[in-house]
Structure formats: C-alpha cells, structure tokens
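Written below as structure tokens is the structure these notes are about.
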Amino acid sequence: MIRLEGQPLVKMVDIEKKFRAVQALNKVNLEIQPAEILGLLGDNGAGKSTLIKILAGVFPPDGGEIFFEGKKVNFSSPQDARTLGIETVHQALSLVDIMSIARNFFLGREPTRKIGFIHLLDRKKMNEECKRAVTGLGVRVRSTDEFVSILSGGERQAISIGRAMYFKVKLLILDEPLNALSVRETREVLRQIQKVRESGVSVVFITHNVYHVYPIAERFVMLDKGIKLGEVRKKDASAEDIIEIIATGRMLNK
Ligand SMILES: Nc1ncnc2c1ncn2[C@@H]1O[C@H](COP(=O)(O)OP(=O)(O)OP(=O)(O)O)[C@@H](O)[C@H]1O
Ligand SMILES: [Mg+2]
C-alpha cells in the first residue's frame, strides 16, 4: 500500500556548513511535519545549534536547500524567517535583561498608538496582552513592567514560549530550553511546549539529554559531528536505544 505523507512544514536538503577547518554540518537532511514535536539530539559540537541557526536565518548554509511549506526559501536575516512564522529561542536566551517583561515580549513587534502624527509605544496594551499570554501558560508574574533580570530560568522560558504562541508562529525552535531549570520548572516548561503543539505549532526541541525530550516528542533526529546518524519514531525506539545510537554513532539493526 502506498502511504501518502502530507507536505512537511520544513524540508532541509543536503545542508552544509563549515567554520574554517570544522565541518559543522555535512549534507544534513531534516524534515519537520506540521504540529509535531521533533527531538533534535546529539552530543556537544554535533551541529544541532548550527542546523537550526541556518533554519532561523542567523547565517546562510554553504550548500543545500531549504523549503518552507513546499516553497524554496533563502533567508538573509532572522527577520526573514520570523516573517514566515519561524520563532527561535536560542541556547543563550534571547531576552534582554535590562528591559521589562512586556518590552521583551513584543521585542521588534511593539504595538503603537498615534497622537497626531506621533507614534508612541502602546505600553498599556503591551502590559495587558503580555500579562494575559503569560498567565495563560500558567506563569504568575507580578507586573510585566518589571525587568526580565528578576525572572527565574523557567519564567524566562515561559515568556519566550508565550511570545511564540501569541504571534501565532508555525514553527517554534527551542535550543536546550531546560538548561539550568529546576525539576518543577522543567515540568512546567514541558507542559507549555505540549500546549504550543496542541495549538497546531510544530516544535523542534534541541537537547543532548534524551530523557528531557523523550516523553513529549514523537520523532527524534540524531546528529554526530555534523553528520545525521538517522531518525527514529518513538514507537520504534526507547530512550536507551537513542542513547545507544548517539554513543556508538550507529543506527541499531532492529
Ligand atoms: N560561529 C562559529 N564559529 C566557529 N565555529 C563554530 C561556530 N559555531 C559553531 N562552531 C563549531 O561547529 C561545531 C558544531 O557546533 P554547534 O554549536 O552547532 O553544536 P551543538 O550540537 O549545538 O553543541 P552543544 O550541545 O554544545 O550546544 C562545533 O565544533 C563548534 O565549535
Ligand atoms: Mg548547541
């Protein structure tokens, strides 16, 4: 029987990237399906962040092609990727410490109000909308006027995830979102990620810890030293199988 797969949201084909002598990515292929959580796994230096930075428009690949909703794309900036609905929370968190929670939430997409010919930031709207979005994710913030620097790691992730949901993105990329989080915060952020997926968004969850992503992802792609080792579905592989693949650099013969 022929199985018809729907069109993937993202298709990356033969992606190559070199940093001087380091082949960070060697002809890597990656597909992301609509409304799935994909675990992108591999040890330090595997090329995970480099691959998603290319998808987020941070820098171009040296070779290969990217298709978004079936159309070939060439991003020359992160803004190009965001315009299409790709939101990335980078490994070094993309929040500005000395700005308020609400300013961070709207960063680059601030609502304005007009007084005569002058456009002013609509702070009231920013605070109200931000508070509603963040509270909707189950995070209690006293005031969205406060600096981001007062927030815990989990609360920061919630602002980033809430921002992605509010702006109705199609793809949310999270690079090591659980780093430095407490057990309780980890559980909370995992719940938020599932909520994002339930709203129809695809999520790429990058981590070197299989146990972080295994409970919530349906599919896993493993990278090692710039090479894609393979991919597995949850129904075909346990978390221990995935660790084995990464540790030995070989797919299992099952
Ligand atoms: N901007 C850069 N300049 C030079 N080399 C880089 C740059 N970014 C990444 N690299 C190199 O490319 C390789 C892949 O790095 P990358 O950050 O993609 O790995 P990673 O899988 O995200 O690792 P980690 O789990 O440590 O975050 C590494 O050898 C790294 O040193
Ligand atoms: Mg990384």
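Note that the coordinates shown come from a computational prediction; the quantities given were computed from them, not determined experimentally. One-based numbering, in listed order, for ligands and for the atoms of each.
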Open item on the list: Among all the protein's non-hydrogen atoms, which is closest to atom 25 (O) of ligand 1, and how far away is it?
Closed with: K48 NZ, 2.8 Å
Open item on the list: Under the rule for ring pair (Phe, Tyr, Trp, His ring centres under 6.0 Å), what residues qualify as partners of F59, not counting sequence neighbours?
Closed with: F19
Open item on the list: Evaluate I37 against I193 for side chain to side chain contact (heavy atoms under 4.5 Å, CB included), listing each step before the verdict.
Closed with: CA-CA 9 Å; I37 299 179; I193 294 171; 4.1 Å; yes
TODO: Please could you name the atoms of ligand 1 that N44 approaches to less than 4.0 Å, counting only its heavy atoms?
DONE: 23 (O), 24 (P), 25 (O), 26 (O)
- [ ] Just need the protein heavy atom nearest to atom 16 (P) of ligand 1, so name the residue and atom and give the distance.
- [x] T50 OG1, 3.5 Å
Open item on the list: Yes or no, since that's all I need: does a protein heavy atom fall within a distance strictly under 4.0 Å of atom 9 (C) of ligand 1?
Closed with: yes
Task: Heavy atom of D43, distance to ligand 1 below 4.0 Å - done: yes
Open item on the list: If the test is side chain to side chain contact (heavy atoms under 4.5 Å, CB included), which one of N29, L30, I66 qualifies with I15?
Closed with: I66
- [ ] Could you tell me the residue and atom name of the protein heavy atom closest to atom 29 (O) of ligand 1, and the distance to it rounded to 0.1 Å?
- [x] V22 CG1, 3.6 Å
Open item on the list: If we only look closer than 2.8 Å, how many protein N, O or S atoms does the Mg ion (ligand 2) have near it?
Closed with: 2
Open item on the list: Please list the nearest protein heavy atom to atom 1 (N) of ligand 1 with its residue and the distance rounded to 0.1 Å.
Closed with: F19 CE2, 3.8 Å
- [ ] Name all residues meeting the salt bridge (Lys or Arg N to Asp or Glu O under 4.0 Å) criterion together with K234; count only those two or more places apart in sequence or in a different chain, and write none if there are none.
- [x] none
Open item on the list: Just to verify, what does Y214 make a ring pair (Phe, Tyr, Trp, His ring centres under 6.0 Å) with, not counting sequence neighbours?
Closed with: F220
TODO: Using distance alone, determine whether G45 and ligand 1 share an N or O pair under 3.5 Å.
DONE: yes
Open item on the list: Please state which option from S49, A46, A21, G47 has its nearest heavy atom closest to atom 17 (O) of ligand 1.
Closed with: S49
Task: Step-by-step side chain to side chain contact (heavy atoms under 4.5 Å, CB included) determination, D224 to I246 - done: CA-CA 7 Å; D224 183 43; I246 294 168; 5.8 Å; no
Open item on the list: Please list the nearest protein heavy atom to atom 27 (O) of ligand 1 with its residue and the distance rounded to 0.1 Å.
Closed with: Q91 NE2, 3.0 Å
